[in-house]
Amino acid sequence: MKIAISGKGGVGKTTVTANLSRLFAQNDYQVFAVDADPDANLATALGIPEEDAKELKPLVELEDIIEGKNSGGGSFVSLTPTVDDVLDDYSYKLGNIKFVRMGAAKQGGSECYCKENSFLRSLIESLLIDKKEVVILDMGAGIEHLSRGTAKDVDCLIVIVEPSQVSIETADKVKKMAADLGIPIFKVIANKVYDEEAKDFIVNYFHAEDILGFIPFSQEVITSAMDRKQQDKISQALRPSMKDIYNNLLREAGDK
Ligand SMILES: Nc1ncnc2c1ncn2[C@@H]1O[C@H](COP(=O)(O)OP(=O)(O)OP(=O)(O)O)[C@@H](O)[C@H]1O
Ligand SMILES: [Mg+2]
C-alpha cells in the first residue's frame with residue numbers, strides 16, 4: 001500500500017504520518033516512511049536521535065549514483081526496486097520502520113525542488129510493494145505535490161483537516177486534484193477536533209464515506225511535541241483514535 005499524507009500547513013500531517021507508521025510497524029508491516037517535505041521534521045516525530053537524522057543522506061543523492069551507473073542512459077524507473085533494495089545508506093531503521101528523507105532544505109532563493117519531486121515521483125511509481133509493506137509519504141504543506149504529479153502513483157491520498165474553513169478549502173482542492181490524477185482512494189482525517197461542535201463542522205462538510213476518523217485535540221501532544229524523547233507520550237495520547245483510523249484504513253485499502 002502506498003499512502004500520501006497531505007493538507008494545509010500545521011494541520012498534523014507529520015504527527016499522523018509518524019503515528020500511522022508506528023501502528024503499521026507494530027502490526028508486522030515493513031514500513032517505508034518518507035519525509036517528502038524539505039522543511040522536514042518526520043524524524044523528530046518518529047523519535048530518531050538528532051545526530052542520526054542529521055547524518056542521514058537525502059535520498060535524492062541516489063539519483064546521481066544511479067545515473068552514473070547507467071552511464072547517463074538509464075532511469076531509476078527501470079530498476080524496479082523493492083522496498084528492501086532502497087539503500088541502507090539512505091535509511092534509518094527503527095524496528096520495522098525504514099525512514100528516508102527526500103531532500104534537504106536549501107538556501108532561501110537558491111533552487112527549486114524539481115529534482116527531488118521528479119525523483120520521488122519515479123520512486124513511488126517503481127517501488128514494488130508486498131502485502132505486508134507500506135509506503136507512507138509525509139508531503140509538504142498545500143497542493144504543490146499534486147499539481148506537480150509527485151504523489152500521483154499512490155493508492156491512497158489522505159488529507160488531514162482541522163476544524164477550520166481554510167483547512168477544508170485545501171482539502172477540497174486536494175480531493176479534486178486526486179480525482180484528476182486518478183488516485184484510487186481519497187480519505188479525510190479530522191485532527192485537533194476540540195469538541196462536538198468542531199466534529200459537526202467536519203461531519204457536515206464531507207461525505208461520511210470519505211472520513212477515515214477523528215483525532216481529538218490533545219494538550220499532551222502540544223506539550224510533548226518539541227521533545228524527541230517524548231514521542232511515545234504523543235502516541236499514547238493519540239492511540240485510541242489512531243487505532244480506529246488504522247483499522248478503517250486497512251478495511252478501505254488493505255488489499256493494495
Ligand atoms: N491532535 C492534536 N492535538 C494537539 N496538537 C496537535 C495535534 N496534532 C498535531 N498537533 C500539533 O500541531 C502542530 C503541527 O503538527 P504537525 O507538525 O504534525 O503538522 P504538519 O501538518 O506536519 O505541519 P507542517 O505543514 O509544518 O509540516 C505540532 O505542534 C503538533 O504537536
Ligand atoms: Mg510536517
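Just follow the structure's listing: the first ligand is 1, and inside any ligand the first atom is 1. Throughout, residue positions are numbered sequentially from 1 according to the sequence presented.
Among protein heavy atoms, the minimum distance from atom 17 (O) of ligand 1 is reached at Thr14 CB, 4.1 Å. For atom 27 (O) of ligand 1, the closest heavy atom belonging to the protein is Asp37 OD2, 3.5 Å. At the shortest separation from atom 3 (N) of ligand 1 among protein heavy atoms lies Ser218 N, 2.9 Å. Of the protein's heavy atoms, Lys192 NZ, 3.9 Å lies nearest to atom 13 (C) of ligand 1. Scanning the protein for heavy atoms near atom 6 (C) of ligand 1, the closest one is Val221 CG1, 3.5 Å. Atom 18 (O) of ligand 1 has as its closest protein heavy atom Thr15 OG1, 2.5 Å. With hydrogens left out, the protein atom closest to atom 8 (N) of ligand 1 is Asn191 ND2, 2.9 Å, a heavy atom. Atom 20 (P) of ligand 1 has its closest protein heavy atom at Lys13 N, 3.4 Å.
At least one donor-acceptor pair closer than 3.5 Å links the side chain of Lys2 to the backbone N or O of Ile124. The closest donor-acceptor contact from the side chain of Lys132 to the backbone of Asn27 lies under 3.5 Å. Using a distance-only test at 3.5 Å, with no hydrogens or angles considered, a donor-acceptor pair links the side chain of Lys13 to the main chain of Lys8. Using modelled atom types, one side-chain atom of Asn191 and one backbone atom of Val11 make a donor-acceptor pair closer than 3.5 Å. Ser167 places a side-chain N or O within 3.5 Å of a backbone atom of Glu162 that can act as its donor or acceptor partner. At least one donor-acceptor pair closer than 3.5 Å links the side chain of Lys187 to the backbone N or O of Glu209. Side chain of Asn96 to backbone of Ala25: a donor-acceptor contact under 3.5 angstrom is found.
Atoms of ligand 1 lying under 4.0 Å from any heavy atom of Gly9, numbered from 1 in the order shown and given with element: 25 (O). Interface of Ala141 with ligand 1, defined as ligand atoms under 4.0 Å from a residue heavy atom, comprises 25 (O). Within the listing of ligand 1, atoms 4 (C), 5 (N) sit less than 4.0 angstrom from a heavy atom of Ile222.
By the neighbour-count criterion of 12 heavy atoms within 6.0 Å, atom CD of Glu197 is sparsely surrounded, having that number or fewer from other residues, nucleotides or ligands.
Leu56 is listed as a side-chain neighbour of Phe99, based on a closest heavy-atom distance under 4.5 Å.
Distances shorter than 4.0 angstrom occur between a heavy atom of Gly10 and an atom of ligand 1.
Ring centroid separation for the pair Tyr194 and Phe217 does not come in under the 6.0 Å cut-off.
Contacts of Asp138 with ligand 1, taken as heavy-atom pairs under 4.0 Å, are absent altogether. Contacts of Pro216 with ligand 1, taken as heavy-atom pairs under 4.0 Å, involve the backbone alone.
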Item to check | Verdict with reasoning, Lys176 to Asp172, per salt bridge (Lys or Arg N to Asp or Glu O under 4.0 Å) | outcome: CA-CA 6 Å; Lys176 189 180 171 306; Asp172 269 347; over 6 Å; no

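Criterion: ILVMFWY side-chain heavy atoms under 4.5 Å apart, direct or through other members. Under it, Leu137 and Ile185 are not part of a common hydrophobic cluster.
By the 3.5 Å distance cut-off applied to N or O atoms, Gly12 is counted among the residues near ligand 1.
Counting only protein N, O or S atoms, 1 lie closer than 2.8 Å to the Mg ion (ligand 2).
Tested against Arg22, the residues Met242, Gln231, Arg239 include a single side chain to side chain contact (heavy atoms under 4.5 Å, CB included) partner, Gln231.
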